[in-house]
Amino acid sequence: MPRYADVIIDISHEQLDKSFQYIIPEGLKGQIDVGSEVSVPFGRSNRMINGYVIGLSDVAQFDESKLKAIEGVPPKGMAIESRLIRLAAWIKENCGSTMIQALKTVLPVKKKIEEKVKKTIIPAVTKEELIRYLEEFTAKKNVARVRLLSELMEEESLDYDLVKTKLKISPQTLKGLEEKGIIKVESRIVRRNPVREKQGEGYNLTLNASQQAIADDISSDTERPDAYLIHGITGSGKTEVYMELIDRTIEEGKQTIMLIPEIALTYQTVKRFYKRFGDRVSIMNSRLSQGERYDQFEKAKTGETDIIIGPRSALFTPFPNLGLIIIDEEHESSYKSETVPRYHARDVAIALGKMCDAKVVLGSATPTVESFYAASKGRFKLYTMTERATGGELADTHVVDMRQELRNGNKSIISNKLRDLITDRLDKKEQIMLFINRRGYESFVSCRACGKAVKCPHCDVALTEHGGGKLVCHYCGYEEPFDRTCKFCGSHYVAGFKAGTQKIEKLVKEQFPKARVLRMDADTTSAKDGHEKILAAFADKEADILIGTQMIVKGHDFSNVTLVGILAADLSLYAANYMSGERTFQLLTQAAGRAGRGLLSGEVVIQTYSPDNYAIIAAANQDYESFYDSEIMFRQLMEYPPVNSMLLILISSLDEDKAKKGAGLLADTAAKSLGAKVIGPADAPISRVKDMYKQVVYVKGDNRQTLVDVKNYCEETVKNSAVFADCSIIYDFNPISFF
Ligand code: ADP
Ligand code: ZN
Ligand code: ZN
């Protein structure tokens, strides 16, 4: 039983790092945990105030005689803040961060932003009196007062700001009139609402049998798996199922958090929800100001809204009675935080769901191997939707072997097949999307003749090209010289693969001079709403061809797109990471899902140097299960997640020597833990960024808890060794980005 508690007094300001230690009195032992609301004596006067417990310990920070004791636990039910603090504690322990970092992640911090107040001016006297004053001021030639009172004769109330700016009446004048009791200035708080859209004319869509069955099953289920996973092809009607579930949750008097990838947060999607739920919905995006975010959270807390839609940080919306958490497109990598704490929204949603007794629903056309594995083990309950809700066929897919193109003398990045189909669509005035798979656009090398990439003999991931003619494995540090001659087929075509969207745009314009081309990538979308503007222009048929990175895979439905070309499927296939097959399958399947969304049927061309690769074959056949079966065998064999768990420890320092020493020490610490297997240390892929030296240590463990223990041991090592004074350490569980 811990004897002391760290109590934080004020959580609505930024100083979350200020906590105070209190004694837990005998009578309260067992009642106090992290997150508990407590009342404590504070300050010299020992006035009683409420605070929250953020940590427990057996060690007094000061002389025990100087510590005060917790007075009691307030009787009312568990405050929303308590729940968030408990969630922060969970994140700290399971995702690796300090308590302060975790608190800053979950608590809506009020950054001393004034609430926006709308002031209006109304008359404080009767109309007759107003006329009398008007005559008096006219006689006195008090022009400003006359101007104002004349306006007030016409309008019942005037906007304070407009009176100042448009009627040019000074605050002093207004104050004078207010003091005389002629006018009144009223203030009311206006919540900032970033999206304004009126509720539409009722919603009258009837769920089909498969949608109805899923909605019924989830809402009546009492077995409570960790999550419900809806595996439904694009357009199968998952969103309608979510909306039905939200509706039922509202009927129970509970609230919903719905996560969607930021990039899918388009006007189209948002409108659909407003149409059905009106202003009970609020929308969050990462561009909201602190003030806007705070307002959203206040509205949630006070019951003004029932639904929040947003990216992963919407998980921390303080709803009083959360009933449902939905994660749409659950395979999206944006659900993983890339800043400390590096939490995954799915894991946090499940933890949160357990804390508030809320159901967690995941949906995707290409579920993560992790979620599908959880379903196969019975931790998630799986539903499958195989038909498009509006009918229509999936696109026809062609796989083009780029090795053969090379043998036939076509050195262009566009195969003959794709060229012919583009010409055909341009003639028919149908639209085309060309997709370049830029993710994992690191610097792997592969053979143009046989398609094989050079891989690490220990880790089975692609090696990465480094300066000095070396190929390096970023898991274990294995190196070999970069050899232009292929060790599989003897050709001399081993090379890095470099092709950006700009280069492709130029090429396409040369080859199809009459086509109107739009390009969408990080450069062309950096402006506000840039991404949406390009998509809208394409939807309005202002261009024939849209060239883009994985960004173009999401969002709009383009009914006139009948051809999707995937230019270099291999770019993600040989990313230096164990998830490269999964990523490739997801991207190809999602991209293919773009073709033929309307009445016209579509075709997809996948260009690859590895036409025999299981991920490519399965994507071409839109066959998730055969992909999964092969992929899970590879993960099993190589002991990668989800079969095993993996922890990345990243050590950075200005001092190369210290980074290396630190990495060595942590590797040793990890190696001593039961059930843990250490790989490395190795240089991080970009081992020197802005003069920082980075080292990585990967640890595999048979389950997550083993690795949480490893992290805790490492934290001890860091505390106790001087080497780490000049190092910073980041923990990342089941990492998905590899720097
Ligand atoms: P998903 O979320 O799986 O991609 P959506 O819910 O967006 O699918 O549905 C795809 C399209 O089918 C939408 O235009 C939607 O309005 C329509 N749709 C979905 N369910 C039905 C239904 N039961 N009846 C008629 N149209 C439907
Ligand atoms: Zn070869
Ligand atoms: Zn290796």
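The residues of the chain are indexed from 1 along the displayed sequence. As the structure lists them, so they are numbered: ligands from 1, and atoms in each ligand from 1.
What you find for Ile233 and Lys238 is that their closest heavy atoms are O-NZ, 3.2 Å.
Geometry note: the Zn ion (ligand 2) is the vertex, Cys489 SG and Cys450 SG are the arms, and the angle is 120° (rounded to 10 degrees). Between SG of Cys486 and SG of Cys447, the angle at the Zn ion (ligand 2) works out to 110°, rounded to 10 degrees.
Using a 4.5 Å heavy-atom threshold, the side chains of Pro367 and Tyr624 count as touching.
Both the backbone and the side chain of Ser236 come within contact range of ligand 1, each with a heavy atom under 4.0 Å. In Leu205, the part holding a heavy atom less than 4.0 Å from any atom of ligand 1 is the side chain.
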request  = Apply the test side chain to side chain contact (heavy atoms under 4.5 Å, CB included) to residues Tyr609 and Ser446: give CA-CA distance (whole Å), side-chain angles for both, the deciding distance (0.1 Å), then the verdict.
outcome  = CA-CA 9 Å; Tyr609 292 91; Ser446 66; 5.7 Å; no
request  = Go through the steps for Tyr335 and Ile327 under the test side chain to side chain contact (heavy atoms under 4.5 Å, CB included), then give the verdict.
outcome  = CA-CA 9 Å; Tyr335 287 128; Ile327 305 183; 3.5 Å; yes
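Short contacts between ligand 1 and Glu240, defined as distances under 4.0 Å to a heavy atom of the residue, involve ligand atoms 6 (O), 16 (O), 19 (C), 20 (N). For ligand 1, the atoms sitting less than 4.0 Å from at least one non-hydrogen atom of Asn208 are 23 (N), numbered in the order shown with element in parentheses. Atoms of ligand 1 found under 4.0 Å from any heavy atom of Ala389, numbered from 1 in the order shown, are 12 (O), 18 (N), 19 (C), 20 (N), 21 (C), 27 (C). Remark: ligand 1 atoms within the under-4.0 Å shell around heavy atoms of Thr390 are 12 (O), 17 (C). The ligand atoms of ligand 1 that sit less than 4.0 angstrom from a heavy atom of Thr206 are 22 (C), 23 (N), 24 (N). Counting atoms of ligand 1 from 1 in the listed order, those under 4.0 Å from a heavy atom of Leu207 are 23 (N).
Tested against Phe372, the residues Tyr628, Phe585, Phe627 include a single ring pair (Phe, Tyr, Trp, His ring centres under 6.0 Å) partner, Tyr628.
If you check each of Gln211, Glu329, Met243, Arg272 against atom 6 (O) of ligand 1, the one with the closest non-hydrogen atom is Arg272. Distances from atom 4 (O) of ligand 1 to the heavy atoms of Gly235, Ala209, Gly363 put Gly235 nearest.
Salt bridge status for Lys336 with Asp732: present, with a side-chain N to carboxylate O gap under 4.0 Å.
Using modelled atom types and a 3.5 Å distance limit, the side chains of Thr368 and His331 yield no donor-acceptor pair. In this model, no donor atom of one side chain and acceptor atom of the other lie less than 3.5 Å apart for Ser236 and Arg388.
Between the Zn ion (ligand 3) and Cys456 there is an N/O/S contact shorter than 2.8 Å. Residue Cys473: an N/O/S atom is found under 2.8 Å from the Zn ion (ligand 3).
Aromatic rings from Phe538 and Phe558 are positioned such that their centres are separated by under 6.0 Å.
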